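In what follows, residues are counted from 1 in the order of the sequence shown. When a ligand or atom number is given, it counts from 1 through the structure's own listing order. Predicted model only: the values in this text are computed from it and were never measured.
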Amino acid sequence: MLIVSAPDKLRNFLKQHYLKDQNVGFVPTMGALHDGHLELVKRCILENQISVVSIFVNPTQFHDAEDLANYPKDLKRDIKKLDSFNVDYVFTPSDNQLYPNKPLVSIDFGNLSKTMEGKFRKGHFKGVGMVLGKLFHIINPDRAYFGLKDLQQYLLIKRMCADLNFPVEIIGIDTVREPNGLAMSSRNRRLSKNGFETASALYNGLDLIKKGLKRGVVIEALLSEATHYYASINGLEIEYLEAINPGDLKTITSQKGLSELAVCVAGYVEGIRLIDNLYLQLK
Ligand code: AMP
């Protein structure tokens, strides 16, 4: 496994693989790796001859300086984990290496970034689009792996690649969960034992909605039921709970006529912001 921090160096290393017609898979991460990340890494290794994992806490996608400063970092442990999976390249650029200049150009996702994560984290997707544009150009992967836990990010990046002709296949991987249902996240390690249990309510609310949908209950009623449930949990503060059509990310109040839907939730436990979602194929 090679650890590379200079973008030009990585490009040069990867050139030899393109010349040999070897396909390259890529997993972008912000480090503090957990089993959710590692699921993406496993799929990447399985489906590609060469695997690249990036570890970069991207400053431009944080609108809150405190959130950025508190983001967990554990490079030594991350590298050990990736080595045990036989990843080929770990890309660990510094802020200056990836952002030698303050970018003037930006990616605008239009209405897709005006809801949910985009609404509550101003400029977040601009930063995500910027860093992934850079990483895709440096690495030029055939496939890139994203967690469906960050559903809006997955949908936006798919759209960015289609609109801008990035020759990369975007692959979504199911959310990996803790035994109590909580979606794995690097932020979970900042939760206390109690907070960890409280946070599992996010999943329980979504599960309640899933069960209701299976019984044919209309989504609007289920959202209201879940809102009451969340309000009954001490220590959980919900930021948004929305049902959307994953095709256009528009809010829905009924599932009638839809072939798929998603319910997305964001909330705070012990001051830590957590997100989760439920994605369902209806037909
Ligand atoms: P992050 O390091 O948080 O930027 O995440 C890097 C990638 O891992 C993103 O595509 C995330 O959606 C994905 N990911 C994070 N948590 C999970 C999880 N619990 N299950 C599956 N994928 C995840």
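- For Asp150, a nitrogen or oxygen atom sits less than 3.5 Å from a nitrogen or oxygen atom of ligand 1, counting backbone and side chain alike.
- Under the 3.5 Å distance criterion, the side-chain polar atoms of Gln255 are matched with a main-chain donor or acceptor of Ile219.
- In this structure, Thr198 contributes its side chain and Leu236 its backbone to no donor-acceptor pair below 3.5 Å.
- Considering every non-hydrogen atom in both Phe136 and Cys161, the closest pair reads CE1-SG, 3.6 Å.
- Checking only distances, His37 does come within under 3.5 Å of ligand 1, N or O to N or O.
- Taking every heavy atom of Thr29 and a limit of under 4.0 angstrom, the matching atoms of ligand 1 come to 2 (O), 6 (C).
- The backbone N or O of Ser54 sits less than 3.5 Å from a side-chain atom of Thr29, completing a donor-acceptor pair.
- A single hydrophobic cluster is seen to contain both Leu135 and Phe125, as judged by linkage of ILVMFWY side chains at heavy-atom distances under 4.5 Å, directly or through other members.
- Proximity to Met184 (heavy-atom distance under 4.0 Å) selects the following atoms of ligand 1: 16 (N), 17 (C), 18 (C), 19 (N).
- Ala32 does not count as a contact of ligand 1, since none of its heavy atoms falls under 4.0 Å from the ligand.
- The closest approach between any non-hydrogen atom of Leu33 and ligand 1 is not below 4.0 Å.
- For His137 and Phe166, the distance between ring centers is under 6.0 angstrom.
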key: Candidate pair Tyr240 and Phe120, rule ring-ring contact (aromatic ring centres under 6.0 Å, His included), full reasoning   = CA-CA 9 Å; Tyr240 67 77; Phe120 287 95; 5.5 Å; yes
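- Distances shorter than 4.0 angstrom do not occur between any heavy atom of Arg177 and any atom of ligand 1.
- No N or O atom of Ala183 sits closer than 3.5 Å to an N or O atom of ligand 1.
- Remark: ligand 1 atoms within the under-4.0 Å shell around heavy atoms of Pro28 are 6 (C), 7 (C).
- The proximity of Phe56 to ligand 1, defined as any non-hydrogen pair under 4.0 Å, does not occur for either the backbone or the side chain.
- For a threshold of 3.5 Å applied to N or O pairs, the pair formed by Phe146 and ligand 1 contains no separation below that value.
- Looking only at distances, no side-chain donor or acceptor of Glu239 sits under 3.5 Å from a matching main-chain atom of Gly267.
- Each of the following atoms of ligand 1 lies closer than 4.0 Å to a heavy atom of Leu40: 7 (C), 8 (O), 10 (O), 13 (C), 22 (N).
- Residue-ligand proximity: Lys149 is placed with a non-hydrogen atom under 4.0 Å from ligand 1.
- Using a distance-only test at 3.5 Å, with no hydrogens or angles considered, no donor-acceptor pair links the side chain of Asn48 to the main chain of Ile50.
- The nearest heavy-atom contact from the protein to atom 4 (O) of ligand 1 is Met30 CG, 3.6 Å.
- Against a heavy-atom cut-off of under 4.0 Å, His34 is close to the following atoms of ligand 1: 15 (C), 16 (N), 17 (C).
- Formation of a donor-acceptor pair under 3.5 Å by the Asp276 side chain with backbone atoms of Leu202 is not found in this model.
- When only non-hydrogen protein atoms are considered, atom 10 (O) of ligand 1 lies nearest to Gly147 N, 2.9 Å.
- Residue contacts with ligand 1: Val176 is placed with a nitrogen or oxygen under 3.5 Å of a nitrogen or oxygen of the ligand (distance criterion only).
- Atom 3 (O) of ligand 1 has as its closest protein heavy atom Tyr71 OH, 3.7 Å.
- Contacts with ligand 1 closer than 4.0 Å are made by no heavy atom of Val27, backbone or side chain.
- Tyr89 and Ile79 fall into different hydrophobic clusters, defined by Ile, Leu, Val, Met, Phe, Trp and Tyr side-chain heavy atoms under 4.5 Å apart, directly or through other members.
- Using a distance-only test at 3.5 Å, with no hydrogens or angles considered, no donor-acceptor pair links the side chain of Lys149 to the main chain of Val176.
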